[in-house]
Every structure is written in C-alpha cells, then in structure tokens.
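Chain letters run A, B, ... following the sequence lines, proteins first, then strands; residues in each count from 1.
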2 protein chains.
Amino acid sequence: MNARRPTISDVARTAGVAPSTASVVFSGKTPVSEATRAKVLAAANELGYLGPDPRAASLRRGRSGIVGVVSGGRLGSVFGDPVMRITMDALADAVAPIGAGLLLLREGSVVAGGPTLMTAPIDAAVLIGCSGLLREHLAGVRGRGIPVVVIEGDGGADVPRIALDNREAQRLAAEHVRDLGHTRVVAVTMPFRWGSDPGWLSPDDERATSVDVVADRLAGFRDVFPDAAAYAAVDSSIDAGAAVGRALFGGDGPRPTAVVAQSDLLAVGVLRAAEEAGLRVPEDVSITGFDGIVVDGLAPYELTTLVQPAWEKGRAAGETVVALLEGDTPDSQWFTSTFRRGNTTASVASDS
Amino acid sequence: MNARRPTISDVARTAGVAPSTASVVFSGKTPVSEATRAKVLAAANELGYLGPDPRAASLRRGRSGIVGVVSGGRLGSVFGDPVMRITMDALADAVAPIGAGLLLLREGSVVAGGPTLMTAPIDAAVLIGCSGLLREHLAGVRGRGIPVVVIEGDGGADVPRIALDNREAQRLAAEHVRDLGHTRVVAVTMPFRWGSDPGWLSPDDERATSVDVVADRLAGFRDVFPDAAAYAAVDSSIDAGAAVGRALFGGDGPRPTAVVAQSDLLAVGVLRAAEEAGLRVPEDVSITGFDGIVVDGLAPYELTTLVQPAWEKGRAAGETVVALLEGDTPDSQWFTSTFRRGNTTASVASDS
DNA sequence: TTGTATGCGTTATCAA
DNA sequence: TTGATAACGCATACAA
C-alpha cells in the first residue's frame with residue numbers, strides 16, 4: 001500500500017468527479033448538487049481525506065491566514081504588560097473574521113534561526129512597540145506586497161499607523177507635576193533600545209532613542225522639564241520600576257520630589273521602592289504613571305496616570321490589516337489618552 | 001509593464017542560469033561558484049526579487065515553520081499568568097532553531113472565523129492547559145500527520161506529554177495544611193471548563209471537570225480532604241481569587257481556616273480578600289498557592305506553595321516538537337514540583 | 001558545479 | 001451544476 005496521504009485528486013477520482021468539483025465541495029464557494037456532495041464526502045471518508053492541505057491552499061490562494069506580530073523583547077516581557085495583552089487580544093479578535101491568526105515574531109531574534117518577517121508565510125505584519133531600527137526590514141516585507149501596520153511608531157510614508165498622543169499626554173502629566181510646585185523631577189523611561197541597560201540617560205542615549213513611544217513620551221516630559229534627569233528601566237515592569245526607584249531613593253544625593261514614569265507598571269515599582277525607603281506617597285514624593293491599567297493590590301493608592309485606549313488600538317490595528325488585505329487604503333488612526341488624577345501626586349512639601 | 005512580482009525563474013533567466021541554480025543561491029544547500037552567485041544576486045537586485053516566497057517554499061518542503069499553540073480562553077487571560085508566559089517563552093526559544101514560530105490558536109473560538117488546527121498551515125501543535133474536549137480535534141490533526149504535544153493534559157495513547165506531578169504536589173500542600181490541624185478547608189480551583197462560571201463545585205461539576213490540570217490538582221486535594229468544599233474561580237488571576245475570597249470570607253457561614261488554591265495568583269487574591277475582611281494571615285486563615293512564581297508587592301508575605309519548573313516544561317515541549325518533526329519518537333516527560341513553605345500557613349488557632 | 005525535469009496539492013477561470 | 005486546464009513559486013533527484 002502507498003503510505004502517501006490522499007489528496008483531493010484521489011478523492012475526486014474515487015468519487016468519480018473532477019478535482020475541481022471535489023475542491024468546491026470542501027470550499028463551498030460554488031453550489032454543488034446534493035448527490036455529488038454526498039459522493040465526494042463518502043469518498044473522502046473512505047480514503048481518510050481530512051480536507052485541503054493548508055499549505056497548498058495558501059500557495060494557490062496567495063493567502064496563509066497568518067498575521068505576523070512583531071514586538072521587541074521576549075514574549076515574557078512583552079506579555080507581562082497588561083496594555084500589550086489587551087492590545088493583542090483585540091488585534092486577534094479583529095483579524096479572526098477573515099480567518100487569520102497571530103504569529104509571534106520577535107524583533108532582533110533572541111535565538112538564532114527563528115522565523116523572520118521575510119521567511120514566515122505571513123499575509124500582513126503588525127509592528128508593536130518596535131524600535132525604529134526595524135524600519136529597514138520593512139522595505140523587504142513591503143516590497144513583497146505584504147501590508148504593514150505600525151502601532152506606536154512610524155513605519156514611513158504610506159504605512160498606516162495606530163498612534164497615541166504620547167507626547168501631549170505625557171506633557172499633561174509633567175504639567176500637572178509642575179503645577180504642584182515640583183522642580184526636582186525625574187523621568188523614568190522604558191528601555192530606549194531593545195536590550196539596553198538600565199541607568200541614567202545621557203544626552204547621547206536620549207538622541208539615540210530608537211523606540212518611538214519612549215522618545216515621544218520623553219519629549220512630552222522635556223516640553224515641561226527640559227533639563228530634568230531621566231532614568232531608563234530595563235523593561236516595563238514593576239520589578240524594573242522598583243529597581244529604578246531604589247536607585248533614585250537609595251542614594252545620598254538629593255532625592256526627587258516627583259517621578260514621572262512612562263508606564264503604570266514602572267510607576268508602581270517606583271512607588272514600592274519609595275515605601276521601602278520610608279518615603280510617603282504623595283507627601284514625600286509624587287508619582288505619575290501611564291496607561292491607566294488596573295494594578296491589583298495597589299490600594300489604597302490610585303495612580304495619577306494617563307488612561308489609554310488599549311483595546312481600541314488593537315482593534316483598530318486589526319481592522320486596518322483587514323482593510324489592507326481587501327485592497328483598501330485605510331488611514332492612520334490617532335488615539336488620545338485621558339488624564340486621571342489619583343492620589344499619588346500632591347503639592348511639593350514646603351520643607352523638602 | 002507587467003505588475004507581476006518576479007519569481008526565482010525570472011531571476012534565473014535574467015542571470016542566465018537554471019532556476020535550480022538560482023534557488024540554490026538563496027537556500028545555500030549546495031555549493032555555488034562565486035561567479036554565478038554574484039550573477040544571480042545581481043539579477044535579483046535588478047528585478048527587485050526579495051527571496052523565495054515562503055508560501056511556495058512551504059508547499060514544496062512540506063514545512064511551514066509554524067507551530068500552533070492552542071490554549072483555552074482569551075490571550076489576555078492566558079498570558080496574564082506568569083507561568084504561561086514563561087512556558088511559552090521557553091517553547092518559542094526551543095523551536096526557534098528549526099526556524100519555527102508560534103501561531104496563537106484559541107480553543108473554542110472566541111470569535112467566529114478564526115484559524116483552527118485544521119485550517120492553519122502548521123507543522124506541529126502544542127496544546128497547553130486545554131480541556132479534554134479538545135481531544136476530538138486531535139484526531140484530525142494527527143490524521144494529517146501533524147505531530148502533537150500536550151502540556152498538562154492527556155492527548156491519548158501516543159501523544160507525547162509534558163506533565164507535572166499535579167496530584168502528588170497538591171496532595172503535599174493539603175497534607176501540610178492537614179498536619180497544621182486544619183479541618184475547615186476549602187479548595188479554590190481554576191475554571192474547570194473553558195468559560196465556566198465561578199462558584200461552588202457540585203459533585204456533578206467535579207465529575208465533569210474537563211481540564212486535566214484542574215482535575216488532577218483537585219484529586220490531590222481530595223486525597224487528603226475527601227469531603228471538603230471546592231470553589232471554582234473564573235480564571236487564574238488575582239482578581240478572580242479575590243472574588244472567591246470575598247465569597248468565602250464575606251458570608252455569614254463558618255469561615256474556612258485554610259484555603260488551598262490551585263495557583264499562586266488565586267492564592268494572592270484570596271489573601272487580599274482575607275485582608276479586606278480583617279482576617280490575619282496566617283493566624284486566622286492559612287493559604288497555599290501553586291506555581292512558585294514571584295508576585296510583586298506581596299511582601300511581607302511569602303506564599304506557601306509548590307514551585308513548578310515552568311521554563312523547563314516549555315523547553316521540553318519545544319524539544320519534543322523538534323524531535324517529532326525530525327521523525328523521532330520522543331517520550332513523555334514528567335516534571336516535579338517542589339514544596340516551599342512560606343509564611344502564609346500556620347497551625348490552626350485553638351479558638352477558631 | 002550546473003542544468004533538466006518533475007511534482008508539491010490546491011483552486012480560479014472558463015467553457016460546457 | 002460540472003469538468004478541463006492552468007497556474008501558484010519553489011526545491012529536489014538526478015543527470016550532465
């Protein structure tokens with residue numbers, strides 16, 4: 001016996017119909033008489049045929065039903081951020097109706113040999129929180145005719161973007177802090193480059209910041225505090241924020257009276273470090289976050305932060321992908337964050 | 001001009017070589033003289049050819065470089081669990097060397113039309129934390145010759161498993177609690193069915209529990225407390241645990257003196273609810289978790305829990321996939337958890 | 001080291 | 001409603 005798996009031609013032959021007819025029975029794209037449908041199904045059953053081979057179907061159709069999602073860093077750190085999870089969730093929902101799923105791709109391959117934008121059979125790509133370095137790769141994918149959507153970043157002229165008012169929003173937080181009278185203020189940023197070390201941002205670092213979201217939020221901060229110091233965390237997590245906070249509060253130098261963090265997770269970490277250092281929030285130090293996520297166990301604190309529409313961003317990205325695949329030319333979409341005053345900010349203490 | 005994208009044949013023709021030669025230049029599977037390589041590359045450049053089409057290559061090779069990862073529930077809730085993130089991260093690392101990436105597939109499609117095990121061009125599938133219901137689908141994929149690996153579950157006779165000693169480990173926790181003198185003990189479980197409602201588990205529910213990991217851990221608990229009540233959470237998260245905790249501690253009935261939770265996140269939620277209810281941990285109520293993850297902001301508590309090797313499990317799953325794709329017949333692997341005593345358990349108070 | 005020939009399994013197009 | 005035909009773009013076995 002032949003160990004070869006049955007193909008749709010085998011089924012057609014057994015059923016006594018043309019391959020194209022058998023194909024149509026499975027795809028349902030054309031009406032088929034009940035009689036032939038039954039014959040074909042019977043033959044398929046007899047031969048153990050389980051339906052069209054997705055690989056062959058992709059070649060023929062020119063569609064694989066796969067959307068590549070490129071993000072910086074490891075899965076663990078990317079999905080550790082609730083905003084990212086929500087965004088991805090909405091994205092997955094939005095592309096599901098066209099039968100598409102998400103293929104996880106990592107910028108700057110962590111492990112050699114992994115799949116890339118150029119080698120994976122993707123129909124479209126979504127870049128999320130990637131560094132600008134990735135733009136070169138974009139040329140390749142786009143040259144192939146693969147649509148690209150960029151979330152929180154700039155993919156170049158005609159790459160639709162899903163953007164957030166990072167700069168304006170972060171400026172709001174900075175202004176809030178300034179209006180409370182703070183002058184010794186420090187910005188805590190997310191990593192400015194994939195895999196960058198934590199530490200104070202030098203002017204060079206700052207100029208070389210390649211992650212748009214980091215650069216934009218920092219710019220908003222700089223609009224208000226042009227000369228303040230900025231400290232980059234190793235990633236956007238509570239742990240990373242706590243590490244930064246220990247550096248800020250543990251030293252002998254003058255302590256900041258306010259910290260403007262680029263994410264809620266970082267802010268919570270800083271807050272924990274402040275508590276560890278015996279500082280009261282907001283009396284001794286004011287802290288702002290960014291994202292507007294719910295951090296469990298934070299009570300009685302409620303972070304002063306900027307609430308961003310993460311779900312909507314993901315949905316919009318997915319819908320943009322769908323539109324592009326249908327040949328439309330969707331516009332970029334800008335979303336706005338909402339300032340939410342919590343109880344982690346207060347006027348600067350007169351004696352501090 | 002023809003808008004058609006150049007193919008490798010076009011490149012070969014322009015370079016004045018055979019298609020197979022041009023192919024080899026890109027795949028590097030066979031030595032090519034420097035001269036022809038240069039010719040081919042020049043031609044490719046001239047035509048704007050960007051390398052082999054991954055879809056065509058998959059058909060020809062019979063490999064797409066895609067591993068489907070099936071999990072229950074939404075992305076957000078799946079990746080909300082640190083154990084899952086670590087496992088997926090390790091899995092991604094382990095399959096990267098063969099050029100494979102992870103395609104996210106959801107059990108019980110949340111949204112109609114999404115990709116499925118049968119329609120996605122996958123080379124292999126990894127089931128993780130799925131319900132037993134999925135086993136039917138397994139027949140289909142396996143019939144296609146697609147290797148399957150199951151993490152924390154049973155895929156049937158010759159499906160390699162990556163297993164954890166859930167029952168034995170959970171029994172250890174239960175014994176610990178029993179040895180501390182507790183008799184009013186409640187188990188808090190993860191959802192016993194995808195999308196199941198939270199609430200007390202009836203005997204019927206318990207019999208119908210289709211998620212192996214839930215059933216196994218519950219069995220371990222039952223080995224020690226055959227008649228204790230069990231309460232199912234809506235997912236494995238702090239919030240879900242807190243909701244359960246409020247139900248346990250908020251009522252008028254007799255309060256449990258110990259809670260055996262099926263995950264650390266649930267345990268932390270229960271702990272928070274206990275605090276809310278004005279109970280002291282561990283004086284008034286003892287709590288155990290499962291997983292051994294680091295939950296930030298939990299200090300001064302250190303959960304009494306079972307530490308499981310999440311990374312190793314993910315790696316093992318990935319390596320098993322690779323072995324299967326190479327035609328080997330790898331064995332299942334069993335991993336063990338380690339009991340870790342924290343400060344969330346204590347002897348039952350004499351007056352309680 | 002290069003070229004020739006073939007088929008991977010399907011589906012779109014068109015004509016019957 | 002069905003069937004014949006022709007790609008889809010590539011990579012391999014084998015011969016030269």
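- Between the CZ atom of Arg55(A) and the CD1 atom of Ile122(B) there is a distance of 9.0 Å, given to the nearest 0.5 Å.
- One finds no salt bridge joining Asp123(B) and Arg61(B) here, because no Lys/Arg side-chain nitrogen approaches an Asp/Glu carboxylate oxygen to under 4.0 Å.
- Looking at Arg4(A) and Asp10(A), a side-chain N of the basic residue comes within less than 4.0 Å of a carboxylate O on the acidic one, giving a salt bridge.
- Within the structure, the salt bridge (Lys or Arg N to Asp or Glu O under 4.0 Å) test picks out no pair touching residues 15-29 of chain B (sequence neighbours left out).
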Can you give one letter per nucleotide of nucleotides 8-16 of chain D, going 5' to 3': B for a protein heavy atom under 4.0 Å from the base, S for sugar-phosphate only, - for none? BBBBB----
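- Look at CZ on Arg13(A): it is 19 Å from P on dT2(D), rounded to the nearest Å.
- Atom pair Lys39(A):NZ and dT1(D):C1' shows a separation of 12 Å (rounding to whole Å applied).
- At the heavy-atom level, Ser58(A) lies nowhere under 4.0 Å from the strands shown.
- Fit an axis to the five pairs at each end of the helix from dT1(C)-dA16(D) to dA16(C)-dT1(D) and the two axes sit 20° apart, to the nearest 10 degrees.
- Among pairs with a residue in residues 318-328 of chain B, those fulfilling salt bridge (Lys or Arg N to Asp or Glu O under 4.0 Å) read Arg315(B)-Glu319(B), at least two apart in sequence or across chains.
- The side chain of Thr36(B) contributes no N or O atom lying less than 4.0 Å from OP1 or OP2 of dT1(C).
- Screening residues 139-154 of chain A for salt bridge (Lys or Arg N to Asp or Glu O under 4.0 Å), with sequence neighbours left out, gives Arg142(A)-Asp158(A), Glu152(A)-Lys313(A).
- Summarising the geometry, the separation between CD on Glu34(A) and C1' on dT2(D) is reported as 15 Å, rounded to the nearest angstrom.
- Counting only residues at least two apart or in different chains, ring pair (Phe, Tyr, Trp, His ring centres under 6.0 Å) contacts with residues 23-67 of chain B comprise Phe26(B)-Tyr49(B).
- Summarising the geometry, atom CD1 belonging to Ile86(A) is positioned 12.0 Å from atom CG belonging to Leu75(B); distances are rounded to the nearest 0.5 Å.
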